[in-house]
Amino acid sequence: MSHKKKLFNTKVIHSGHKEDTETGAVMPPIHLSSTFKQKSPGNFKYEYGRTNNPTREILEKLLGEIEEGKFAFAFSSGMAAINTLTDALNKDFHVICSDDVYGGTRRIFDKIKKINQNIEITYTDFTKEDNWPGLIKENTKMIWLETPSNPLLKLVDIKKIKNEITKDNIKIVCDNTFASPYNQQPLILGADVVLHSSTKYLGGHSDVIGGALIIKDDNSLAEKIKYLQNAVGSVPSPFDCYMLIRSIKTLAVRMEKHNSNAKIISQFLNTHDKVTNVRYPGLKTDPNHEIAKLQMSGFGGIMSIELNTNLSGTIKFLENIKLFTLAESLGGVESLIEHPAIMTHASIDKATRVELGISDSLIRLSIGIEDSEDLKNALVDALSLI
């Protein structure tokens, strides 16, 4: 029998579990029980559903395998995962963070962690500032990378960041939500922790909320995360865990279609006279293309475009586009479209949005797995109205 390492498509199908030992069921059962019988006081495999659950355990094993991590933890949302990770690092520390990150990440850092834990956050553009190591302080504990970023699709060279850090106690955390494990493996590239909003590509069907942390090999950090996961209790339900296990099994085939559709749509929009700019790392003209080729195996299904119009024209476009659903979130099989300045990044003050480049004419598209020709036609019709 061959002992070669399983490849990705095989991992998403077979990792985390085998057939059920009691019934032979191919898919693992959903263990809804909130408590478990003990053989004698303190002698048990599972104690209480918040502490551990067989269905969640399967999901976490699966997440660890597909992200090449030693430890994995599932949470009730991506924000719960961020909160738990920062809690695990205690208080009175400094974070260097990508300037262009999800609005909710900025909100929890600036409005909650800065106040409750005295965490200092320095935002920087890792794509431009080669002097960022000069931002490191004595109490810097975390480098927070979002690559590709939300919503401007900036990429950060993870290996380069790793090579430039001289202090062993600084954790490189990579939000891999936009790329998915299929397109990018941050732990192999040098990251210490990977974060996911598993609501997005891992879930893939816009029907479950979840988050995840995958840790490369730090036993101490993993113990702290495990303790907080139980103590705070922001865990997903067994049914949500089952939904994610089911969805991850089709991750590879879904991502192939997301990737191919986004390539077609980005090339089409890049030549349209009503579009002034397309941000998509798969385009050869994109400033992040060379980094994307080095550290990604596919370019994902997310892009941002700037329309050749004002806010009124942008809203008219969004109100009239067909097939694309005007809604927050991303990564589902259906195509979604949104306005960052009004929707996902509204919690960021306008001056900061302008400085980052999140203009009133910027739109983010999550390209689904529909027929690309239908998506192109929907865009043509809506663009003709502005």
Side-chain angles (χ1 to χ4, degrees), residues 1-21 25-31 45-46 52-75 78 81 84-85 147 158 171-205 208 210-219 221-223 225-226 229 235-236 238 240-256 258-259 295-298 300 331:
M1 179 179 176
S2 173
H3 293 282
K4 288 182 178 179
K5 197 173 182 180
K6 293 193 295 286
L7 300 179
F8 192 87
N9 289 14
T10 305
K11 282 184 187 179
V12 294
I13 304 296
H14 294 285
S15 295
H17 70 93
K18 295 182 180 179
E19 70 281 352
D20 181 52
T21 54
V26 174
M27 281 297 290
I30 307 171
H31 293 271
K45 183 176 182 181
Y46 298 98
N52 202 0
N53 172 280
T55 312
R56 190 170 86 225
E57 191 173 68
I58 288 170
L59 171 61
E60 290 176 338
K61 287 179 180 177
L62 174 57
L63 289 167
E65 282 216 36
I66 64 175
E67 278 286 15
E68 299 287 344
K70 186 177 179 182
F71 308 99
F73 303 95
F75 294 90
T84 304
L85 178 59
T147 179
I158 301 170
K171 301 300 178 189
I172 299 176
V173 180
C174 182
D175 187 334
N176 202 30
T177 300
F178 264 33
S180 85
Y182 180 78
N183 285 329
Q184 185 170 259
Q185 301 270 284
L187 298 182
I188 293 176
L189 294 166
D192 300 293
V193 182
V194 161
L195 168 90
H196 279 282
S197 169
S198 43
T199 309
K200 312 306 192 294
Y201 282 117
L202 294 179
H205 295 78
V208 62
L213 292 172
I214 302 94
I215 299 172
K216 186 175 183 178
D217 56 12
D218 189 327
N219 290 50
L221 180 60
E223 286 177 8
I225 296 292
K226 182 63 178 174
Q229 184 191 43
V235 294
D240 287 347
C241 292
Y242 156 76
M243 293 280 278
L244 285 166
I245 294 165
R246 173 217 63 179
S247 295
I248 289 171
K249 289 182 182 297
T250 62
L251 178 63
V253 291
R254 286 188 284 108
M255 291 311 303
E256 287 179 9
H258 285 298
N259 290 344
Q295 71 181 30
M296 299 179 74
S297 58

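- Side chain of S15 to backbone of L62: no donor-acceptor contact under 3.5 angstrom is found.
- For the pair H258 (side chain) and E256 (backbone), a donor-acceptor distance under 3.5 Å is absent.
- Residues H31 and Y46 place their aromatic rings such that the two centres sit no closer than 6.0 Å.
- Counting heavy atoms from C-beta outward, I225 and L213 have side chains that approach closer than 4.5 Å.
- For K5 and E68, the salt-bridge test passes: some basic side-chain N is under 4.0 Å from an acidic carboxylate O.
- The heavy-atom pair separating N9 from A252 by the smallest distance is OD1-CB, 3.1 Å.
- Q229 places a side-chain N or O within donor-acceptor distance of the main-chain N or O of A74, the cut-off being under 3.5 Å.
- Under a 3.5 Å cut-off, the side chain of S247 and the backbone N or O of M243 do form a donor-acceptor pair.
- At a threshold of 4.5 Å between non-hydrogen side-chain atoms, the residues V12 and K249 do not count as touching.
- In this structure, D192 and L187 have side chains that are not in contact, with every pair of non-hydrogen atoms separated by 4.5 Å or more.
- For D240 (side chain) and V208 (main-chain N/O), no donor-acceptor pair under 3.5 Å exists by modelled atom type.
- Between F73 and F71, the ring planes are parallel. Angles under 30° get that label, and only those over 60° would be called perpendicular.
- Remark: side-chain polar atoms of T177 are paired, donor with acceptor, to backbone N or O of S197 under 3.5 angstrom.
- Counting heavy atoms from C-beta outward, I66 and I248 have side chains that approach closer than 4.5 Å.
- Without hydrogens or angle criteria, S180 side chain to Y201 main chain gives no donor-acceptor distance under 3.5 Å.
- Looking only at distances, no side-chain donor or acceptor of R56 sits under 3.5 Å from a matching main-chain atom of P238.
- Side chains of Q185 and S297 form no contact here, defined as non-hydrogen atoms less than 4.5 Å apart.
- Without hydrogens or angle criteria, Q184 side chain to T147 main chain gives a donor-acceptor distance under 3.5 Å.
- E57 CD to C241 SG: the interatomic distance, rounded to the nearest 0.5 Å, is 11.0 Å.
- K171 places a side-chain heavy atom less than 4.5 Å from the side chain of D218.
- For the pair K216/V193, no side-chain contact is recorded, criterion being any heavy-atom separation below 4.5 Å from C-beta on.
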